[in-house]
Amino acid sequence: MPATAAPADFVVWFRSVAPYINAFRGKTFVIAFGGEVVADGKFVELTHDFNLLAALGIRLVLVHGARPQIEQHLAKNNLGDTYHQGIRMTDAETMQCVKEAAGRVRVEIEALLSMGLANSPMANADIRVAGGNFITAQPIGIINGVDLMHTGSVRKVDVAALNDRMDFGEVVLLSPLGYSPTGEVFNVTLEDIATATAIALDADKLVFLMDTDGVHDKKGKLLKELTIVQAQEVLSQESKGGKRKLPDDVSMYLPCAVRACEAGVARTHLISRHTDGAVLQELFSDEGIGTMVVESTLNTLRAATIEDVGGILHLLRPLEAEGILVRRNRELLEREISRFVVLEHDHRIVGCAALYPFPDEAAAELACLAIDPQCRDRGYGQVILVHMTGIAKSQGLKKLFVLTTRTAHWFVERGFSEADVSALPAQKKSLYNWQRKSKVFVRKI
Ligand code: ARG
């Protein structure tokens, strides 16, 4: 968004990013991508985004793959590609190709990360790339009688050395190779290197760039957020008799996300490598662009406290301005704060409502139900309604009513029916604003 096009939008947008900039400074992100990104010539754009992340003080470990390049080398040398149970078998000749391919990809990436062209996002960039023998690998060995030879898995990550490099402000670039104490080199998958490194570093984020744009449900809808348990459910849909075939990337990376999350990596993101700026959209917006795997849900519904007044006002003001809600001033809100609940998503207030009981009439009013417009269609309103109904019931109340001018259909869909103003509790009736002409909806609870 050029600053000149719509300055107001630009300023709003730039300010909205500030919380992430603050939250991410000094944090460690491991970002993994296949050799396809380099082969497709897409790495230039990605370089710009990595440069921005590094400039914001994020400690970066990049992990690259080299699958298409290895295949090319094998073909050039008339060597076949042998897989056993989805794992490449690496004999001595294949290993030679792996080393050449990985080396070549690495050099290309280092070259692009060194760009500093004026009039480009890389102007003034000064990225120092670190590499080395950070990964110790071990042979996978013999599976069902087949010796996978130089194919390895991660045995140890040199955390101290990686942290040293990042303390110096360097970006670490890991190739899909590991070394052994006997001086051997092993061919290791990028996902194993990335996952093991993120776990060992206790990274804040692990990001996989993949062919699809995330994980989808059976109907094809993108699942923006998955808890470990939900991710395991998706994976089991495939394993249980193979009823559902997940895209290859999802089968490959989703288990890594679960493994990382179980081991304490706070968030793993699966995003498309085909969308320009996907990394930025995922990291610097609330809703992201792909699938994020987290340990448990980021939503909390809780009683509001005086500290929440600002956040609640922020939600209510636009609705008050539109005349959807009656205006409440700060003092009133502070006085009545104990009546409110707030729904937080990722530590941000995205919804609220208040409950006013009228014990004499065994009824309660549900008021100020508001959801952040950016978070519509996530079912948050329903979550709050169910919660408030529970509170009212626990107080022995039998009826819930709302006064609304615009959202009647939403309540009708949830079992409320229109009632006359005379049905309101006496105290409420006397305060009824005849000019506003709100409709009354009631539901037995
Ligand atoms: N930008 C935030 C983060 O990086 C939230 C991302 C949410 N992404 C999602 N796919 N739900 O942690």
Side-chain angles (χ1 to χ4, degrees), residues 1 12-33 46 49-50 52-62 194 198 201-217 220-231 233-235 246-247 249-250 253-254 256-258 260-261 264-300 311 343-351 371-380 383:
M1 186 183 307
V12 170
W13 166 81
F14 203 17
R15 282 184 185 147
S16 76
V17 175
Y20 292 113
I21 297 181
N22 281 317
F24 292 163
R25 192 180 306 113
K27 295 285 169 16
T28 305
F29 294 1
V30 176
I31 305 183
F33 48 90
L46 210 49
D49 298 348
F50 292 154
L52 188 60
L53 298 183
L56 294 175
I58 294 165
R59 295 158 72 86
L60 273 188
V61 177
L62 307 178
L201 284 173
D202 197 13
D204 301 278
K205 280 190 192 301
L206 169 61
V207 181
F208 286 109
L209 289 161
M210 51 178 210
D211 266 322
T212 40
D213 58 354
V215 183
H216 295 253
D217 68 9
K221 188 169 155 263
L222 179 68
L223 299 165
K224 295 217 121 185
E225 197 178 300
L226 288 175
T227 60
I228 295 181
V229 175
Q230 289 167 331
E233 269 163 27
V234 172
L235 289 168
L246 295 171
D249 273 7
V250 173
Y253 297 131
L254 192 56
C256 297
V258 170
C261 231
V265 175
R267 294 175 178 196
T268 299
H269 305 257
L270 307 186
I271 57 177
S272 167
R273 69 179 179 88
H274 299 289
T275 309
D276 186 20
V279 173
L280 302 184
Q281 287 193 58
E282 177 66 15
L283 301 186
F284 294 99
S285 73
D286 175 45
E287 74 273 35
I289 190 180
T291 299
M292 173 166 81
V293 181
V294 287
E295 193 186 347
S296 56
T297 173
L298 300 178
N299 295 338
T300 21
L343 178 69
E344 280 186 318
H345 177 80
D346 206 4
H347 308 293
R348 196 168 69 82
I349 294 181
V350 294
I371 304 295
D372 182 334
Q374 280 183 4
C375 302
R376 294 253 161 86
D377 303 324
R378 295 195 197 168
Y380 289 170
V383 170

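Keep in mind the model is a prediction, meaning the values are calculated, not measured. In what follows, residues are counted from 1 in the order of the sequence shown. Counting starts at 1 for both ligands and their atoms, following the listed order.
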For this session: Applying side chain to side chain contact (heavy atoms under 4.5 Å, CB included) between L46 and each of D276, V279, I31, L62, report the one that passes.
Result: V279
Exercise. When only distance counts, is D346 in polar contact with ligand 1, meaning an N/O pair under 3.5 Å?
Worked result: no
Seminar exercise, completed: The protein heavy atom nearest to atom 4 (O) of ligand 1 is K205 NZ, 2.9 Å
For this session: For residues D213 and T275, determine if any side-chain heavy atom of one lies less than 4.5 Å from a side-chain heavy atom of the other.
Result: no
Exercise. Atom OH of Y380 and atom CG of L343: how far apart are they, to the nearest 0.5 Å?
Worked result: 6.5 Å
For this session: Anything under 30° is parallel, anything over 60° is perpendicular, the rest tilted; go ahead and classify F208 against Y253.
Result: parallel
Seminar exercise, completed: Rounded to the nearest 0.5 angstrom, the CZ-CG distance for R378 and D372 is 8.0 Å
Seminar exercise, completed: Counting from 1 in the order shown, the ligand 1 atoms closer than 4.0 Å to a non-hydrogen atom of S285 are 1 (N), 2 (C), 5 (C), 6 (C)
For this session: Could you tell me which atoms of ligand 1, counted from 1 in the order shown, lie closer than 4.0 angstrom to a heavy atom of R267?
Result: 3 (C), 12 (O)
Exercise. Taking everything shown except E295 itself, do over 12 heavy atoms lie less than 6.0 Å from its CD?
Worked result: no
Exercise. Considering only protein heavy atoms, which is closest to atom 7 (C) of ligand 1, and at what distance to one decimal place?
Worked result: D286 O, 3.3 Å
Exercise. Which residue holds the protein heavy atom closest to atom 10 (N) of ligand 1, what is that atom called, and what is the gap in Å?
Worked result: G290 O, 2.8 Å
For this session: For Y20, counting its heavy atoms only, list the atoms of ligand 1 lying under 4.0 Å from any of them.
Result: 1 (N), 2 (C)
For this session: Using a strict 4.0 Å cut-off to heavy atoms of L283, name the atoms of ligand 1 that fall inside it.
Result: 1 (N), 2 (C), 4 (O)
Problem set entry | I289 versus L222, closest heavy-atom pair with distance | O-CD2, 3.5 Å
Seminar exercise, completed: the protein heavy atom lying closest to atom 8 (N) of ligand 1 turns out to be E282 OE2, 2.8 Å
Problem set entry | Distance-only N or O hit between ligand 1 and I289, under 3.5 Å | no
Seminar exercise, completed: For atom 11 (N) of ligand 1, the closest protein heavy atom turns out to be K224 O, 3.0 Å
For this session: Mark up the atoms of ligand 1 that fall under 4.0 Å of a heavy atom belonging to H269, in ascending order.
Result: 3 (C), 4 (O), 12 (O)
For this session: Give the intermediate values and the outcome of salt bridge (charged side-chain N to carboxylate O under 4.0 Å, His left out) for residues D204 and R267.
Result: CA-CA 7 Å; D204 301 278; R267 294 175 178 196; over 6 Å; no
Exercise. Taking heavy atoms and a distance under 4.0 Å, where does F24 meet ligand 1: side chain, backbone, both or neither?
Worked result: side chain
Exercise. Between L60 and A54, which heavy-atom pair has the shortest distance, and what is it?
Worked result: CD1-N, 4.2 Å
Exercise. What part of E287, side chain from CB on, backbone N/CA/C/O, both or neither, has a heavy atom under 4.0 Å from ligand 1?
Worked result: backbone
